[in-house]
Amino acid sequence: MTKSMRLRRRREFLAVQHAGSKIGSRHFLALVAPGTAVGSVGRVGFTVSKRVGNAVARNRVKRLAREWLRTHGWVPAGRDVVVIAKDSAASLDGLAEVGADLARLRDRVAAW
RNA sequence: CGGAGAGGUCGAGGUGAUCGCUGGUGCACGCAGGCGACUGCGUGCGCGGGAGGAAAGUCCGAGCUUCACAGGGCAGGGUGCUGGCUAACGGCCAGUCGGGGUGACUCGCAGGACAGUGCCACAGAGAACAGACCGCCCGUCGCCGCGAGGCGCGCGGGUAAGGGUGAAACGGUGCGGUAAGAGCGCACCGCCUGACCGGUGACGGUCGGGGCACGGCAAACCCCACCCGAAGCAAGACCAGACAGGGGUCGCGUGGCCCGCGCGAUGACUCCGGGUUGGUCGCUCGAGCCCACUGGCAACGGUGGGCCUAGAUGAAUGAUCGCCACCGGCGCAAGCCGGAACAGGACUCGGCUUAUCAACCUCUCCGACGG
RNA sequence: GCCCACGUAGCACAGUGGCAGUGCACUUCCUUGGUAAGGAAGGGGUCGGGAGUUCAAUUCUCCCCGUGGGCU
């Protein structure tokens, strides 16, 4: 997951949040918009607010989600996606549980 | 051996493999910009760096920055036994006094209640220049009784020892004394007070004097002593960009006020409306860390030598597997299964407080047993 | 990251150093053929938690926990 595959500027996040469509799963909410990156590479960004938990819990959610996406191939071409963690995401334990939920979300985003 | 008290040290699993992240640096390639040197972004490879003891809570103190910020006063806030340490502190060290504990030890926002004001509910006779409800004692009146004496919704007086109320009842205990009592007298304790001695001081000790007049609450107002200008790195500085101006006041500029000071009419301030989804700096060398010697009971200081140790910005340390080490359970054993906390920088330090896993060490006290 | 404010009955709020209250809601009864409205009676509180000051703390002091808001 290199830099070009992630949303890295506040401007990019806001663009997706304003224009994107909502797709939910049990523990995450995805906002999807047409990609604007060069070469139509699919990009993703994570939002984990303080509602989820303390700093350790928030970092863990982001790291697990990133790791699963890295190893299982995410980001359909031509999409920009913001993944927002719901409060319940803090209760997810381990890569397998995160992956189970994200797999469903990925399929629905790919079909969008 | 058992129980208890005080303090300190180290770590925050290690290692290997594979796949990854971050920003720094070197090289290569691609894209964009520039006449160019080159710059920015992305990708790949190499090299080295990459969270804590609390990074947390934001409870104190500072550095730093801006407010034109130098001054006086009032108001406001803070601290509160003494001495010391420190850049500073509400922190730390050493002591004093008071409470707790057999003890080691521990806890304490621990100045002033004759500078003033205020408050002490309920209960109780009486609650702050106290107070006779019951009781006790004396005298007197009446009644009963042979008498000693007894009785009284009688009267007058004495009495703060006893009962009872209360958080608290105007020194405590004992002896004497008295009609009953009372510091009325005496002894001890306490209190007040004077002198002397020790100590930098808080304070302590000794001797003498006074029968005692002094309730509690200042985390109630307050008084006294000392300290404090305000805001906070989203401070602030610079660069680039966007937009649309219009109205009000005559004075405005700190954190509340006054004085003082400064600025001001092509000016200053303020309100309404509009615009602002950038970048660079601040940003890590600092009251810094380690070692040795040294002054000090200690906190801490001095001298010399060595070291450079995260600087991100939608925000980086992760995942999987193996081995070793730690803890728990089962098992004769080999081994098997399970567990491993609290929690992550966001300008930086010094403290405090709170959360929490494990190992080790030192000193001390009490009890029992043995020598 | 920084700075504020607030936690009292099921809900919304008063209160202040001495018994914790108001409105709505709730329960029972009256009224009605029945319901609503109305009337009467009643129950319900670790005053967010823990220490401390005080004779006495919801109130004063300190430390925690939670909730909400503001600052680019």
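Order of the sequence lines fixes the chain letters, A, B, ..., with proteins taken first and strands second; residue numbering starts at 1 for each chain.
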Judged by nearest nucleotide, the residue sitting upstream toward the 5' end of RNA chain B, A:Val82 or A:Thr71, is A:Thr71
Which sits closer to the 5' end of RNA chain B, A:Glu12 or A:Gly45, going by the nucleotide each is nearest to?
A:Glu12
Any-strand Watson-Crick or G-U partner of [N], both distances under 3.5 Å:
N       : answer
B:rC349 : B:rG61
B:rC326 : B:rG339
B:rC363 : B:rG5
B:rU86  : none
B:rC285 : none
B:rA54  : none
B:rA333 : none
B:rA121 : none

Base B:rC21 to side chain A:Arg70, donor-acceptor N/O within 3.5 Å cut-off:
no
Distance between [atom1] atoms of [N] and [M] (Å, rounded):
N       : M       : atom1 : result
B:rA316 : B:rG345 : P     : 10 Å
B:rA218 : B:rA132 : P     : 32 Å
B:rU348 : B:rA234 : P     : 10 Å
B:rG335 : B:rU18  : P     : 29 Å
C:rG48  : B:rU356 : C1'   : 24 Å
B:rG40  : B:rG20  : P     : 27 Å
B:rG286 : B:rC239 : C1'   : 30 Å
B:rC224 : B:rU86  : C1'   : 27 Å

Side chain to side chain contact (heavy atoms under 4.5 Å, CB included) assessment of A:His72 paired with A:Arg106:
CA-CA 10 Å; A:His72 290 78; A:Arg106 175 189 59 182; 4.2 Å; yes
With A:Lys62, which residues qualify under side-chain contact (heavy atoms from CB on, under 4.5 Å), at least two apart?
A:Phe46, A:Val48, A:Asn59, A:Arg66
With sequence neighbours left out, write down each residue that passes side-chain contact (heavy atoms from CB on, under 4.5 Å) with A:Leu95, or none if nothing qualifies.
A:Leu64, A:Glu67, A:Trp68
Anti or syn, where syn is a glycosidic angle within 90° of 0; which label fits [N]?
N       : result
C:rG66  : anti
C:rU22  : anti
B:rA292 : anti

Just the rounded figure in Å: distance from [atom2] of [N] to [atom1] of [X].
X       : N       : atom1 : atom2 : value
A:Leu7  : B:rU313 : CG    : C1'   : 16 Å
A:Lys62 : B:rA319 : NZ    : P     : 15 Å
A:Arg66 : B:rA316 : CZ    : C1'   : 8 Å
A:Arg6  : B:rA312 : CZ    : P     : 16 Å
A:Leu64 : B:rG20  : CG    : C1'   : 14 Å

Under the side-chain hydrogen bond (donor to acceptor under 3.5 Å, both in side chains) rule, collect the residues that match up with A:Ser49, sequence neighbours excluded.
none
Ignoring hydrogens, what is the shortest heavy-atom contact between [X] and [Y]? Give both atom names and the distance.
X       : Y        : answer
A:Val52 : A:Ala85  : CG2-O, 3.9 Å
A:Ala30 : A:Val109 : CB-CG2, 4.2 Å
A:Arg79 : A:Ala110 : NH2-O, 3.2 Å

What does the list of N/O pairs under 3.5 Å between the protein and nucleotides 338-346 of chain B look like, with a distance for each?
from, atom 1, to, atom 2, distance (Å)
B:rG344, OP2, A:Ala55, N, 3.3
B:rG344, OP2, A:Val56, N, 3.4
B:rG344, N7, A:Asn59, ND2, 3.1
B:rG344, O6, A:Arg63, NH1, 2.6
B:rG344, O6, A:Arg63, NH2, 3.4

Checking one residue: A:Leu7. Which other hydrophobic residues are in its cluster under the side-chain 4.5 Å linking rule?
A:Phe13, A:Val16, A:Leu29, A:Leu31, A:Val82, A:Ile84
Taken to the nearest 0.5 Å, the spacing of A:Arg70 CZ from A:Arg63 CZ works out to 14.0 Å
Could you check whether any side-chain heavy atom of A:Glu12 comes within less than 4.5 Å of a side-chain heavy atom of A:Arg43, counting everything from C-beta outward?
yes
With both pairing distances under 3.5 angstrom for Watson-Crick or G-U wobble, and | for a partner in another strand, the correct string for RNA chain C is ((((((((.[[[[.)..(..]]]].(((((.......))))).....[[[[[..)....]]]]]))))))).
Salt bridge (charged side-chain N to carboxylate O under 4.0 Å, His left out) partners of A:Arg26, counting only residues at least two apart
none
